[in-house]
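If you read the sequence from its start, that first residue is 1, and numbering goes on from there. No hydrogens, no waters, no symmetry mates; every other heavy atom, side chains included, goes into these values.
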Amino acid sequence: MRFEILLTALLFFGGTCLTGYAVRRLLKLKKEGIVCSIVVGALCWWALMELILVPMTMKLASFSSFVVVYSAAAMLFALAGLFCWRDILDDLKTFAENWKQYLTLGHLAALLLIVFELWFLHHHMYLEWDDTYYVNLANVAISSDRIYWVYPETGTLVDFDKRYVLSLWPIFYAWLSKLTGVAATVMAHTIMPWLMIPLAYMVYILIGKRLFEDNVQLQGMFLAFAVLVHLYMSGEHTTGLSFLTITPWVGKGILAAIILPALFYWLLRAMRDGGARNWIMLGVTGLGGCLTSSMGIMLTPLFVGIAVFLLTLQKRQIRYLAYGILSCLPCILLGLYYIRLTH
């Protein structure tokens, strides 16, 4: 299983990193580093999947056809990243020259805690009762070659559940399962934590660098505190903090642990720096959040709307409200489509 974990990690982090460099070049996000490229790439992969998956699900396309279409699209983005080899070399050179500054006590403590979190989850796995629906949804997609037409708990042919049809997160690890040959249940419970936990803390690394730009010590302390909060201050298994530690394959957990912090990060950048690129990435993040959970369709406009409304009042410039609405447009359209499906 170690080989399968390594193979999937190389596929995920390698592909998202190259995709991130391609998107960074397109949006002119220069000198942001490898961590930013991986985060940007992952968000773009999920947004791209939502764009492809929703119409293919509605047209009752086969799962195998989705795998071909989505794999080709993701591969094109990753191959485009190869043309950014100079940016990659520059980031590697910068990291090689400055890596010692990240050997702070906070960074080392955070690293040890993350390793402990991964070890704990690997040896003391918690199986969520929702797995009978969500993980089986991935299993059934592979076995029946239907995206969302077979009810995952009974195996009967039924109309899709309109509560989840716009947010089919299990299809993401079903896609990884199809590519690697690992069973979807094993992919979810054993391999996904090794992808999602590091990715979540990469987002916190970016937030810390933005909050404490001139103080590496505080960046390390912030990261260590973020890990501690997720490990020891959850209190209940259904809170956002607990999801990352015990069920990092659940879509609601990805929304809480990765998407919402990423929204905060891009909002922070947009408020401080402005620029269309930050608002575009805010919209991409929101669209990716729609894949993880149907709550993402509602929470993204709510979160971003309140933030830009307060920013508009502070700055007394209506353009911030307009930019916020435009960035939430994918979520708004999906929300309207959901209302049409259910009424």
**Request:** Considering non-hydrogen atoms only, spot the tightest contact between Gly81 and Ala22 and give its length.
**Result:** N-CB, 3.7 Å
**Item:** Residue pair Phe83 / Arg25: nearest heavy atoms and the distance that separates them
**Value:** O-NH2, 4.1 Å
Could you go through residues 253-276 and list every donor-acceptor pair under 3.5 Å that involves a side-chain atom there, pairing it with any protein atom two or more places apart or in another chain?
{"unit_1": "Tyr265", "atom_1": "OH", "unit_2": "Arg269", "atom_2": "NH1", "d": "3.0"}
{"unit_1": "Trp266", "atom_1": "NE1", "unit_2": "Thr285", "atom_2": "OG1", "d": "3.4"}
{"unit_1": "Arg269", "atom_1": "NE", "unit_2": "Asn278", "atom_2": "OD1", "d": "2.9"}
{"unit_1": "Arg269", "atom_1": "NH1", "unit_2": "Glu32", "atom_2": "OE1", "d": "3.1"}
{"unit_1": "Arg269", "atom_1": "NH1", "unit_2": "Glu32", "atom_2": "OE2", "d": "3.2"}
{"unit_1": "Arg269", "atom_1": "NH2", "unit_2": "Glu32", "atom_2": "OE2", "d": "3.2"}
{"unit_1": "Arg269", "atom_1": "NH2", "unit_2": "Asn278", "atom_2": "OD1", "d": "3.4"}
{"unit_1": "Arg272", "atom_1": "NH1", "unit_2": "Arg210", "atom_2": "O", "d": "2.7"}
{"unit_1": "Asp273", "atom_1": "OD2", "unit_2": "Arg210", "atom_2": "NH1", "d": "2.8"}

**Request:** Keeping the roles fixed (side chain from Ser167, backbone from Ser294), state whether a donor-acceptor pair exists under 3.5 Å.
**Result:** yes
**Pairwise salt bridge (charged side-chain N to carboxylate O under 4.0 Å, His left out) hits with a residue in residues 314-331, at least two apart** = none
**Request:** Mind running side chain to side chain contact (heavy atoms under 4.5 Å, CB included) on Leu82 and Leu79 for me, showing each step along the way?
**Result:** CA-CA 5 Å; Leu82 292 175; Leu79 290 176; 3.8 Å; yes
**Request:** Using a 4.5 Å cut-off on heavy atoms from C-beta on, say whether the side chain of Leu206 contacts that of Cys36.
**Result:** yes
**Request:** Any chance you could pull the hydrophobic cluster mates of Leu103, using side-chain heavy atoms under 4.5 angstrom and chaining through other members?
**Result:** Phe95, Trp99, Leu108
**Asked** When the ring planes of Tyr173 and Trp169 are compared, do they come out parallel, tilted or perpendicular, using 30° and 60° as the limits?
**Response** perpendicular
**Request:** Anything under 30° is parallel, anything over 60° is perpendicular, the rest tilted; go ahead and classify Phe66 against Tyr70.
**Result:** parallel
**Asked** Can you name the side chain to side chain donor-acceptor pair (under 3.5 Å) partners of Trp46, sequence neighbours left out?
**Response** none
**Request:** May I ask you to decide if the ring planes of Tyr164 and Tyr133 are parallel, tilted or perpendicular, using 30° and 60° as cut-offs?
**Result:** tilted
**Request:** Check side chain to side chain donor-acceptor pair (under 3.5 Å) between Thr312 and all other residues, then give those that pass, not counting sequence neighbours.
**Result:** none
**Asked** Under the side chain to side chain contact (heavy atoms under 4.5 Å, CB included) criterion, do Leu244 and Tyr201 qualify, and how do the steps go?
**Response** CA-CA 10 Å; Leu244 184 63; Tyr201 292 126; 3.7 Å; yes
**Request:** Take Val140 and Tyr148 through the test side chain to side chain contact (heavy atoms under 4.5 Å, CB included) and record every step on the way to the result.
**Result:** CA-CA 8 Å; Val140 170; Tyr148 197 43; over 6 Å; no
**Item:** Steps toward side chain to side chain contact (heavy atoms under 4.5 Å, CB included) verdict (Leu176, Leu195)
**Value:** CA-CA 11 Å; Leu176 289 175; Leu195 309 181; 4.0 Å; yes
**Fill in**
For Trp45, the side chain to side chain donor-acceptor pair (under 3.5 Å) test, sequence neighbours excluded, returns Thr19
**Asked** Angle class for the Trp279/Tyr320 ring planes (parallel below 30°, perpendicular above 60°, tilted otherwise)?
**Response** tilted
